[in-house]
K.L.:
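I'd like to ask some things about the structure below.
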Amino acid sequence: MYNNFLPVICKIENGIIYNVVDILLSKFNEIKKVLLVSDDYIYKTYGNIVHKKLDENNIESKLILIQNSDFTVAQSIGEQALELDVDSIIGIGGGKVQDVCKFASFVSKKNLFSVPTTLANDGLCSPIAVLKMKNGFTKSIGTKLPLALFIDIDIIKDAPIELIKAGIGDILSNYTAIYDWKIAEKNKKEDVNDFAIEISDIAFNVINNISICNIKDDVFLKQLAEAIVLSGIAMHIAGTSRPCSGSEHLFSHTIDRLYKKNNLHGLQVALGSVVAAYLQNRDYKVLINLLKKYEINIKPSKLGLSYDEYINCWKNAKESRKDRYTILNEINEDTLLKKIKDIYIIIEEEFK
Ligand SMILES: [Zn+2]
């Protein structure tokens, strides 16, 4: 059953948590023994629903509750999957749970069934696991996509609104990431994958074109979930995060590397995207308008970044991944400094 391509099941519906096991069993009759991975809160709130269904269907299961997404935790789950000889891993939870499950299923070659409980970033259906290493830094590790994906709109709606806003922010970054990737190709640094670019662009336009302003609206959440899934697929097809990660992500990585502000990733990259669009001499207002429409305040001071820290992060952003050619490689230091100062004033003015 191990699948190295795209999810076979993708359900984005209200109340789907109650049907996860029935749907899996109707599609994969070889499921006999699973690892159920969650965290304490999510398990008590939603995970137990799936666990009960597994018991009712006489599916043997072992529950693992995680507290963090350390590399060692992910490794240990992979080991347990092999030692217990389970056929599948079911991950119920937010990004940390999904990251450790992606890695564990990848190393153990077990099926991965994902039940994400937030839409905070585009990693939900991406082949990349972000894990914390012993030295305190995070590492993005190439893994695989889940074989089945269940996104329950009722659960997503109950999550803190900031998580939904962060998910929107991560989708907006496609706007500048695509452009940066094309710059890299123009300079013969990398080949783009047109299909991945199209899918990433569609994901951005889902959010760009939707008229609903209430981000807790069921239709809006379904579309955001779809956009996030598409972004993950774009990265999978490209074999790299480049269709959804450009200079705006380098900026965010630099904040994490230098200052560890504990902001949500999607909010940092949304700020990065507005600045990157300005650096790219493109219509940055389209991003500002979208952020304001959904009441997402990304001004540096709101994200705990002082003026000097903001400037310093842009000055050092290129260093975060030297192999990534972006707009930052196209402008000299003086121009960069002038532009990031100009857009800083605009952003602080727009997001009062
Ligand atoms: Zn991202």
Side-chain angles (χ1 to χ4, degrees), residues 121-122 161-162 164-183 186 197-215 217 220 223-224 227-228 230-231 234 243-252 254-255 263-303 305 307 309-311 313-315 317 326-331 334-352:
N121 63 58
D122 64 14
I161 198 161
E162 285 303 303
I164 302 170
K165 290 182 176 182
I168 297 171
D170 213 11
I171 293 297
L172 298 192
S173 74
N174 294 11
Y175 181 72
T176 42
I178 292 170
Y179 194 86
D180 274 334
W181 201 19
K182 286 180 177 172
I183 289 177
K186 217 166 127 191
I197 282 184
E198 282 305 318
I199 294 180
S200 171
D201 194 40
I202 291 168
F204 170 75
N205 280 315
V206 167
I207 301 304
N208 190 21
N209 295 333
I210 191 165
S211 56
I212 301 165
C213 294
N214 173 15
I215 62 175
D217 179 276
F220 178 82
Q223 298 223 2
L224 176 61
I228 284 175
L230 285 177
S231 281
C244 307
S245 173
S247 49
E248 75 297 318
H249 271 71
L250 295 180
F251 168 70
S252 174
T254 312
I255 299 174
N263 290 314
L264 289 163
H265 165 83
L267 301 180
Q268 288 187 173
V269 299
L271 166 61
S273 280
V274 174
V275 179
Y278 190 74
L279 297 175
Q280 291 167 345
N281 286 326
R282 295 169 67 216
D283 179 10
Y284 62 92
K285 284 191 180 149
V286 65
L287 299 177
I288 287 185
N289 292 340
L290 282 167
L291 290 164
K292 285 169 89 169
K293 177 176 167 187
Y294 298 115
E295 296 176 6
I296 306 171
N297 192 333
I298 49 82
K299 67 178 175 182
S301 55
K302 181 86 180 169
L303 299 179
L305 274 179
Y307 179 73
E309 286 171 339
Y310 160 86
I311 298 287
C313 284
W314 276 110
K315 278 165 81 176
T326 68
I327 187 65
L328 297 169
N329 300 87
E330 297 270 288
I331 42 182
D334 290 343
T335 313
L336 175 71
L337 209 54
K338 185 189 178 315
K339 285 198 152 191
I340 56 176
K341 284 179 178 174
D342 290 347
I343 188 70
Y344 179 91
I345 296 165
I346 296 169
I347 292 170
E348 287 283 334
E349 189 62 31
E350 290 278 0
F351 297 93
K352 277 182 177 153

K.L.:
Between atom CD of Q223 and atom CD1 of I215, what is the distance when rounded to the nearest 0.5 Å?
P.N.:
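Answer rounded to 0.5 Å: 14.0 Å.
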
K.L.:
More than 12 foreign heavy atoms under 6.0 Å from NZ of K299: is that the case here?
P.N.:
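It does: K299 NZ has more than 12 such atoms within range.
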
K.L.:
Can a donor-acceptor pair be found, under 3.5 Å and without considering hydrogens, that links the side chain of N205 to the backbone of D201?
P.N.:
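Such a contact is found between N205 side chain and D201 backbone.
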
K.L.:
How close do F220 and N214 get, heavy atom to heavy atom, and via which atoms?
P.N.:
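So the minimum-distance heavy-atom pair works out to CB-O, 3.7 Å.
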
K.L.:
Is the closest basic N to carboxylate O distance between D342 and K338 below 4.0 Å?
P.N.:
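A salt bridge links D342 with K338.
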
K.L.:
Checking side chain to side chain contact (heavy atoms under 4.5 Å, CB included) for the pair Y278/I327: CA distance, chi angles, key distance, verdict?
P.N.:
CA-CA 10 Å; Y278 190 74; I327 187 65; over 6 Å; no

K.L.:
Can you tell me if S173 and S273 form a side-chain donor-acceptor pair at under 3.5 Å?
P.N.:
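No, no side-chain donor-acceptor contact under 3.5 Å.
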
K.L.:
For the backbone of T326 and the side chain of S247, can you confirm whether one donor and one acceptor N or O come within less than 3.5 Å of each other?
P.N.:
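No: the side chain of S247 does not pair with the backbone of T326.
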
K.L.:
Side chains of E348 and S301: do they bring a donor and an acceptor to under 3.5 Å?
P.N.:
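Side chains of E348 and S301: pair found under 3.5 Å.
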
K.L.:
Where is the tightest heavy-atom contact between Y294 and I212, given as atom of each residue plus distance?
P.N.:
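Closest heavy-atom pair between Y294 and I212: OH-O, 3.2 Å.
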
K.L.:
Within the structure provided, determine whether H265 and H249 are in side-chain contact (heavy-atom separation under 4.5 Å).
P.N.:
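Yes, at least one pair of side-chain atoms sits under 4.5 Å.
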
K.L.:
Hey, are the side chains of P300 and Y307 touching, using non-hydrogen atoms and a 4.5 Å cut-off?
P.N.:
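In short, these two side chains do not touch, never coming nearer than 4.5 Å.
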
K.L.:
Is the number of heavy atoms from other residues, nucleotides or ligands within 6.0 Å of NZ (K293) greater than 12?
P.N.:
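Counting other residues, nucleotides and ligands, NZ of K293 exceeds 12 neighbours.
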
K.L.:
Can you name the closest pair of heavy atoms from Q268 and I255 and give their distance?
P.N.:
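Minimum heavy-atom separation between Q268 and I255: OE1-CG2, 3.4 Å.
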
K.L.:
Please report the closest heavy-atom contact between W314 and E248, naming both atoms and the distance.
P.N.:
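For W314 and E248, the tightest heavy-atom pair comes out as CH2-CA, 4.4 Å.
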
K.L.:
Could you measure the distance from the SG atom of C244 to the CG atom of D122? Nearest 0.5 Å is fine.
P.N.:
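Reported value, rounded in 0.5 Å steps: 5.0 Å.
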
K.L.:
Could you grab the distance from atom CG of L172 to atom CG of L271, nearest 0.5 Å is fine?
P.N.:
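It comes to 12.0 Å.
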
K.L.:
Please answer whether the main-chain N or O of L267 pairs with a side-chain N or O of K165 as donor and acceptor at a distance below 3.5 Å.
P.N.:
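Checked: no pair found.
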
K.L.:
Would you mind checking if E349 and K352 are paired as a salt bridge, meaning a charged N to carboxylate O distance below 4.0 Å?
P.N.:
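Looking at K352 and E349, the cut-off is met.
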
K.L.:
Looking at F351 and N297, what are the two nearest heavy atoms and their distance?
P.N.:
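Taking every non-hydrogen atom into account, CB-OD1, 3.3 Å.
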
K.L.:
Evaluate side chain to side chain contact (heavy atoms under 4.5 Å, CB included) for N209 paired with V206, printing each intermediate quantity in order.
P.N.:
CA-CA 6 Å; N209 295 333; V206 167; over 6 Å; no

K.L.:
What distance separates L337 CG from K315 NZ, expressed to the nearest 0.5 Å?
P.N.:
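Taking CG in L337 and NZ in K315, the distance rounds to 5.5 Å.
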
K.L.:
Measure the CD1-CD1 distance between I298 and I288 for me, rounded to the nearest 0.5 Å.
P.N.:
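Taking CD1 in I298 and CD1 in I288, the distance rounds to 7.0 Å.
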
K.L.:
Determine, stepwise, if the pair I347 / V275 fulfils side chain to side chain contact (heavy atoms under 4.5 Å, CB included).
P.N.:
CA-CA 9 Å; I347 292 170; V275 179; 3.8 Å; yes

K.L.:
Please round to the nearest 0.5 Å and tell me the distance separating atom CD1 of I171 and atom CZ of F204.
P.N.:
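Rounded to the nearest 0.5 Å, the CD1-CZ separation comes out at 10.0 Å.
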
K.L.:
Can you tell if the side chain of K182 reaches within under 4.5 Å of the side chain of I197, non-hydrogen atoms only?
P.N.:
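Yes. Closest side-chain heavy atoms under 4.5 Å.
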
K.L.:
Indicate whether the side chain of D170 and that of S231 have a donor and an acceptor atom separated by less than 3.5 Å.
P.N.:
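There is no such pair between these side chains.
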
K.L.:
Do L279 and I340 come within less than 4.5 Å of each other through their side chains, counting heavy atoms only?
P.N.:
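With C-beta onward as the side chain, the pair touches.
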
K.L.:
Measure the acute angle between the ring planes of Y310 and Y344, then classify it against the limits of 30° and 60° as parallel, tilted or perpendicular.
P.N.:
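Because their plane-to-plane angle lies in the 30° to 60° range, the rings of Y310 and Y344 count as tilted.
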
K.L.:
Determine, step by step, whether F251 and L328 satisfy the side chain to side chain contact (heavy atoms under 4.5 Å, CB included) criterion, reporting the C-alpha distance in whole Å, the side-chain angles of both residues, the deciding distance to 0.1 Å, and the verdict.
P.N.:
CA-CA 10 Å; F251 168 70; L328 297 169; over 6 Å; no

K.L.:
Which residues pass the salt bridge (Lys or Arg N to Asp or Glu O under 4.0 Å) test with D283, sequence neighbours left out?
P.N.:
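None.
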
K.L.:
Is a donor on one side and an acceptor on the other found under 3.5 Å between the side chain of R282 and the backbone of Y175?
P.N.:
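Between the backbone of Y175 and the side chain of R282 there is a qualifying donor-acceptor contact (under 3.5 Å).
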
K.L.:
What's the shortest heavy-atom distance between L291 and A270, and which atoms?
P.N.:
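L291 and A270 have their closest heavy atoms at CD2-CB, 4.0 Å.
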
